[in-house]
There are 2 protein chains.
Amino acid sequence: MTSRSKPDAPSARPAMGKAATINDIARLSGVSKKTVSRIINNSPLVRKDTRDKVEALMREVGYVPDPMARGLAFRRSFLIGMVYDNPTAQYIVNMQYGALDALRDSGFELVVHPCDSRSPGYIDGVRRFVQQQKLHGVMLIPRASEDQALADMLADIGCRYTRIASVAMDEPARMVVTHDRNGAAEAAEYLLSLGHTDIALITGPNAYRSAHERTAGFLEALAARGIELPKSRIVEAGYTFESGVLAAEALLAGKRRPTAIFTGNDEMAAGVYKVALRAGISIPRQLSIIGFDDSPLASRLWPSLTSVRRHTRDTGRIAAEMLIQHQDNSAALSAASIRPHLIIRDSCQPPEA
Amino acid sequence: MTSRSKPDAPSARPAMGKAATINDIARLSGVSKKTVSRIINNSPLVRKDTRDKVEALMREVGYVPDPMARGLAFRRSFLIGMVYDNPTAQYIVNMQYGALDALRDSGFELVVHPCDSRSPGYIDGVRRFVQQQKLHGVMLIPRASEDQALADMLADIGCRYTRIASVAMDEPARMVVTHDRNGAAEAAEYLLSLGHTDIALITGPNAYRSAHERTAGFLEALAARGIELPKSRIVEAGYTFESGVLAAEALLAGKRRPTAIFTGNDEMAAGVYKVALRAGISIPRQLSIIGFDDSPLASRLWPSLTSVRRHTRDTGRIAAEMLIQHQDNSAALSAASIRPHLIIRDSCQPPEA
DNA sequence: CTGAAAGCGCTTACAG
DNA sequence: CTGAAAGCGCTTACAG
């Protein structure tokens, strides 16, 4: 129990005495506030010894410029918005961690904005969010990032943004590409290397770019080794556990079952597990399975699931860095892209003779 | 591809012409800006027809006061901080959704601040976060919420906060109590109702208040029906999957296995699944299992896991509401508490004869 | 119930 | 390289 000041006291003031302001720094170091301002903003137009003297004082008194005052004068806040639409929790949290990695000690903060891209007014909602908060920039996470109308709106109102997507769909300076295609290809190659040829595929919704990329990468890699899947071995599902169950039921019902299944994400792979376990089909002896995401679920399932890992945290970090970076080095980052790779666990083995 | 203004254009201005300011509203409606300010702040000192006239104009031009200007004058921002320490992704995301439910259309935004409560400087990190951003208030999520030093620091600097915890540990106006004890008791009663008597318990770390509450609730409910667990049937683990595996191995090794296990969270229950499946112990025929959290994992496991559901999103909503509520009705909310309850799935049945 | 003045802590022109 | 003036869009005393 604490017995300090009343929580609803009308005026909340800093701990002891007011915090130092730019005026204090200017007065104490004997320069004008404009010079202090120049130092805050890293202007080159300050003599080195002036800068050193003032910076020492700032450190000494623990001075940090007020983001609201700065934002008011700049007509832009020091807030980065993260806009996303309904993906899995672990993915979002990792993305947030990554963004915060980039924002740490930068003076910027992360404000989250989940939305529903199926609701009609959602783009307007994002616009209000951006304009009312005068956001410095926003990160767009799949699947919202795939919505060109959203990106167009942001460009219209002059809001800088970065898009995270499985494939380049905007100027390089605004894109972080995750190359899902490569990850899926690696999964295909692994199954081939184990000797599988009767392989099935459960895809995410075709309308999702990520699903399209993963499917294409998987099928291409198979084709490169001369294997073409019949239509009956490819089932489109909805990226959800339940849809994975339905797809697996269709795939595992007949007598001639595939010896391996690749699913567009781990959720659907868990659905395959359920159907297989219920039907007494042994994983991996009678059925090999590979997922995509390397979510926590992958290691919690038994046997643990081989899955394609995405470097979500790094992806989020880079997307945020691109937003707060100064122009000079942003070019270096603009080509940012991260390749997924396969994490091998216990859900695959060569097919039975 | 879009071909709009360059993303790095030095001056980002609103879409078309500047947005309206308080001066525009004052001029156009023929009152002083102070009167407009009174209306913005819901002051009763405004004649109803004046208010109506001005509000109509504000709606018409889509005027929204600038949070940075307001914040600068108020010496406090319109940002709510969410401070948390390393819990599971779904829990955090649900908490964020709940907070945003409360903040929607309130003019407040949510800024996230994960931290590591084991690192020495973390309280200082939160203090800087609060003071530099002049946060309106912060929500403390377990286990950070259990740290009295953190709460004391916030009280010291005059920052309003709400704490979410399994049991009251602060003034009612600052607490949202989740009553984990009740949920655990319900799990115990369910197992008893099925006829189990040889029951085991895998607890979270005793240092966690939630673990303590869940353990106490479970054991109390058992004791109320005359059942006392021997020490050997109670294993302390770490709330993680891996620790659940180890605990289950200890519990399921001997010949006289318990017929049911209750775990302090779903992660550890998944660990029990792994050990049971590997050992050929059939769930629920030979072993009933109940988890806690009702995480997505619960329904993805097979057979699906009976688990105690926490109303995380509502909890987050209430914690945020308490922060932005005006004093008058905060009393009504202060007693806020939410009871967990058992979600019955397929992981339990009566013990074998 | 309403308003004119001063101020919140910064930055942007404009000078020098 | 440095500075005095005006302004960003609001609110707080203070009057009336």
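Chain naming here is simple, since letters A, B, ... match the order of the sequence lines and numbering starts at 1 in each. These numbers come from the heavy atoms of this one structure, side chains and all, not from hydrogens, waters or symmetry mates.
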S.K.: In whole Å, I'd like the distance from the NZ atom of B:Lys33 to the C1' atom of D:dT11.
M.R.: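 Between C1' of D:dT11 and NZ of B:Lys33: 9 Å.
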
S.K.: With the side chain of B:Tyr63 defined as its heavy atoms from C-beta on, choose the nearest nucleotide among D:dT2, C:dC10, D:dC10.
M.R.: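 Of the candidates, D:dC10 comes closest.
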
S.K.: Quick one: which of C:dT2, C:dA13, D:dA13 gets closest to the side chain of B:Lys34?
M.R.: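 Of all the options, the side chain of B:Lys34 is nearest to D:dA13.
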
S.K.: Once you round it to whole Å, what is the distance between P of C:dT2 and CZ of B:Arg27?
M.R.: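 Rounded to the whole Å, the gap is 20 Å.
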
S.K.: Which nucleotide, D:dG7, D:dC10, C:dA4, lies nearest any side-chain atom of B:Thr21?
M.R.: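 For the B:Thr21 side chain, the nearest candidate turns out to be D:dC10.
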
S.K.: Could you check which of D:dC8, D:dT11, C:dT12 has an atom nearest any side-chain atom of A:Phe74?
M.R.: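 Closest nucleotide among those given: C:dT12.
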
S.K.: Among the candidates D:dG3, D:dC8, C:dT11, find the nucleotide nearest to the side-chain atoms of A:Ile40.
M.R.: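 Looking only at heavy atoms from C-beta outward on A:Ile40, the closest nucleotide is C:dT11.
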
S.K.: Between B:Asp170 and B:Arg163 (salt bridge meaning N to carboxylate O under 4.0 Å), is one present in this structure?
M.R.: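 Answer for the salt bridge query: yes.
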
S.K.: Which nucleotide in the set C:dA4, C:dT11, C:dC1 lies at the smallest distance from any side-chain heavy atom of A:Ile22?
M.R.: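 That would be C:dT11.
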
S.K.: Check A:Lys53 with A:Asp49, please: is the shortest side-chain N to carboxylate O separation under 4.0 Å?
M.R.: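 No, A:Asp49 and A:Lys53 are not salt-bridged.
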
S.K.: Considering only C:dT11, C:dG9, D:dG3, which nucleotide approaches the side chain of A:Thr35 most closely?
M.R.: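 Minimum distance to the A:Thr35 side chain belongs to D:dG3.
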
S.K.: How long is the line joining CG of B:Asn41 and C1' of D:dC10, in whole Å?
M.R.: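 Going from CG in B:Asn41 over to C1' in D:dC10 covers 9 Å.
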
S.K.: Could you please spell out the steps behind the salt bridge (charged side-chain N to carboxylate O under 4.0 Å, His left out) verdict for B:Asp156 and B:Arg127?
M.R.: CA-CA 10 Å; B:Asp156 264 8; B:Arg127 188 180 49 67; over 6 Å; no

S.K.: Can you tell me which nucleotide in D:dC8, D:dT11, D:dC1 comes closest to the side chain of A:Ala73?
M.R.: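 The answer is D:dC8.
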
S.K.: What's the closest nucleotide to the side chain of A:Leu45 if the choices are D:dC1, C:dC1, C:dG9?
M.R.: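 Nearest to the side chain of A:Leu45 among the choices is D:dC1.
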
S.K.: Categorize B:Asn23 for me: base, sugar-phosphate, or nothing, with a 4.0 angstrom heavy-atom threshold over every strand shown.
M.R.: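 Contact class for B:Asn23: none.
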
S.K.: When you check the gap from the basic side-chain N to the acidic O, do A:Asp52 and A:Lys48 get nearer than 4.0 Å?
M.R.: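 Yes, A:Asp52 and A:Lys48 are salt-bridged.
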
S.K.: Check the angle between the aromatic planes of A:His136 and A:Phe78 and answer parallel, tilted or perpendicular using the 30° and 60° thresholds.
M.R.: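 Geometry flag for A:Phe78 against A:His136: parallel rings.
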
S.K.: Which base sits across from D:dA4 as a Watson-Crick or G-U pair, both distances under 3.5 Å?
M.R.: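 Checking every strand shown, D:dA4 finds no partner, since no pair has both distances under 3.5 Å.
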
S.K.: Measure the distance from CZ on A:Arg38 to P on D:dA4 and round it to the nearest whole Å.
M.R.: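 Taking CZ of A:Arg38 and P of D:dA4, I get 12 Å after rounding.
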
S.K.: Partner of C:dA13 by Watson-Crick or G-U wobble geometry, both contacts under 3.5 Å, or none?
M.R.: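 Across any shown strand, C:dA13 pairs with none.
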
